[in-house]
Amino acid sequence: MMSSLTETRLAQLAEDVRCDVHSRTQDADNDARRAEISRTFISDTVTVPTKEMNEYAIRATLGDDVFFEPSTAALESHVAKLTGKEAGLFMPTGTMSNQVALRTHLQQPPYSVLCDARAHVYRMEGGGIAFHSGANVIPVFPENGHHLTWEDIEPRIVSGADVHIAPTRIVSLESTLNGTVIPQEDVIAISRHAREKGIIMHLDGARLWHVAVATGLSMKELCEPFESVSLCFSKGLGAPIGSCLVGSKEFIAKARCFRKVFGGGMRQTGYLAASAAYALTHHFPLLPRVHALAKRMQEGLEEIGVGILSPAETCMLFYDPSAIGVGYREVVERAAQLPRPIYLNGSRLIMHIQTAGEAVDDFLCLMRQLKEEKVQAGWRGQQADRGKHREVYVRCGSWGGPRVLPA
Ligand SMILES: Cc1ncc(COP(=O)(O)O)c(C=O)c1O
């Protein structure tokens, strides 16, 4: 067909297409957003890139990652070496990284994946294990209410040639899980027994950086018991996007195919990889401060008499305000009404590299005030909800119990 594009017509088309997402108030909006983030205990995924990170990132190479982008490949091989694995694969999200890993390991159904009943792969990835891999999931509650042990896992493993069953091919662990660390001796024991049975070990290590800081163990030691590990840059480390899946060369080559099939073959990823590299270099060393803030929050709450459902082993804790006669919704609403609001949601409190120490102090101050108001109103210290909240926490995992949803 002959083109009838005149200059005037092109100008009209271009006018339709043109787009400016920047607003006149954007710089001020971003400043406000940074302030909000520093007072947000909802998640560490709220962390945002810094000016320094952006300046480093923009110098990245400009290749196409479907054909091995150089800065991205450098990040992948660095993370592989750091974790003692042969190869790495940059992923847009932790969810894709976990799901591609499981899909890559699982070859021919029927099969099942055994995991903690609170695991992100099971509860928070849209049923992805069933959707992508057609696998049965065996969710297991830890008997000790903290972490899975081999004693929890062994009786739940499905094995044999009976046509009715879906044999367990993968044990998928998560550490940290709800901010708690699985003791390394338990990880090693699970891995040893699982491997003896020919079962593959996967780790959702979205926050494994925090485990290294909490335990002093190297990333290599932490990853040794696993065939594959997924690590996130966009949560505790504050990169805008990205995760890395590590494993054997053969596994990662296959995972690269599945990443493409899942629609995750990205193009000019250099600046994303560089952001992640910046986060590893400059933000990982900030994690001890984050853990100390979470501890300070826990100790402050305990001093007030607030219940702790799960203590601050790393960057998060779960609390129970019913111990001082206060409900979650009340806390959320009052925190949002402070002259400098604090944002939270339900029982989970997360600290991150951009959390202001002042926000922790202000939150403790609010809890003290709420308690005082209850006492003034005649509250006598009955603890109606404590058992219920603990039960909900233990059984509901990931988002950790009673969540205050928008009305
Ligand atoms: C433990 C864990 N694994 C995986 C993910 C998924 O990461 P993403 O949000 O990047 O998909 C999350 C998200 O917060 C997580 O907490």
Side-chain angles (χ1 to χ4, degrees), residues 37 40-49 79 89-103 113 115-129 131-133 137 139 142 146-148 170-182 187 202-214 222-223 226 228-246 255 258-259 262-264 266 269 272-273 275-276 279 287 290 294 310 313-318 345-353 396-401 403:
I37 286 163
T40 296
F41 296 128
I42 295 170
S43 177
D44 50 1
T45 55
V46 297
T47 47
V48 288
V79 178
L89 186 62
F90 189 63
M91 295 279 191
T93 66
T95 299
M96 185 183 279
S97 189
N98 279 328
Q99 294 299 327
V100 165
L102 298 174
R103 182 63 193 88
V113 175
C115 63
D116 192 303
R118 304 161 300 170
H120 200 277
V121 289
Y122 169 56
R123 292 191 68 241
M124 305 301 286
E125 298 185 5
I129 299 179
F131 187 81
H132 300 297
S133 298
V137 179
H146 182 269
H147 63 275
L148 286 180
I170 299 179
V171 167
S172 180
L173 299 183
E174 181 176 317
S175 194
T176 63
L177 187 155
N178 285 351
T180 63
V181 176
I182 314 179
V187 175
H202 172 73
L203 176 66
D204 177 354
R207 296 182 183 81
L208 197 65
W209 318 106
H210 297 268
V211 181
V213 166
L222 293 169
C223 293
F226 299 94
S228 57
V229 180
S230 169
L231 300 155
C232 292
F233 306 116
S234 61
K235 301 176 177 65
L237 294 187
I241 270 190
S243 294
C244 193
L245 178 64
V246 292
F258 279 115
R259 184 185 68 172
F262 277 47
M266 299 176 287
T269 51
L272 296 174
S275 299
L287 295 182
V290 174
S310 178
E313 291 181 28
T314 56
C315 64
M316 67 180 94
L317 63 142
F318 291 77
N345 192 353
S347 61
R348 186 173 79 163
L349 299 170
I350 299 201
M351 321 295 123
H352 51 75
I353 53 171
C396 293
S398 206
W399 276 92
R403 227 176 130 193

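Because only heavy atoms are used, hydrogens play no part in the values below, and waters and symmetry mates are left out as well, while side chains stay in. Counting starts at 1 for both ligands and their atoms, in listed order. Only a predicted model underlies this, so the values are computations on that prediction, with no experimental measurement involved.
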Under 3.5 Å, which donor-acceptor pairs link side chains of residues 229-236 to any protein atom two or more places apart or in another chain?
from: S230; atom 1: OG; to: S97; atom 2: OG; distance (Å): 2.9

Numbered atoms and elements of ligand 1 in range of N98, under 4.0 angstrom, heavy atoms
4 (C)
If you measure every N/O of S234 against every N/O of ligand 1, is any gap under 3.5 Å?
no
Relative to ligand 1, is D204 under 4.0 angstrom through side chain, backbone, both or neither, heavy atoms considered?
side chain
Just jot down the side-chain hydrogen bond (donor to acceptor under 3.5 Å, both in side chains) partners of D204, sequence neighbours excluded, or say none.
N98
Looking at R207, which atoms of ligand 1 are within less than 4.0 Å of one of its heavy atoms?
1 (C), 14 (O), 15 (C), 16 (O)
Please check this pair: side chain of T180 against backbone of L177, looking for a donor-acceptor N/O pair closer than 3.5 Å.
yes
Tightest non-hydrogen contact, residues M266 and F90, listed as CE-CD2, 3.8 Å
My understanding is that only one of L222, V187, L203 makes a side-chain contact (heavy atoms from CB on, under 4.5 Å) with V211; could you say which?
L222
Provide the closest heavy-atom pair for M91 versus L245 in the form atom of the first, atom of the second, distance.
CE-CD2, 4.0 Å
Ligand-residue contact atoms, ligand 1 with A206, heavy atoms, under 4.0 Å
1 (C), 2 (C), 3 (N)
Per-atom contacts, ligand 1 versus T93 - under 4.0 Å to a heavy atom
10 (O), 11 (O)
Enumerated ligand 1 atoms positioned under 4.0 Å from heavy atoms of E174:
1 (C)
4.0 Å heavy-atom contact, E125 with ligand 1
yes
Can you confirm if the aromatic rings of H132 and F258 lie within a centre distance of less than 6.0 Å?
no
N/O to N/O below 3.5 Å, does that happen between C232 and ligand 1?
no
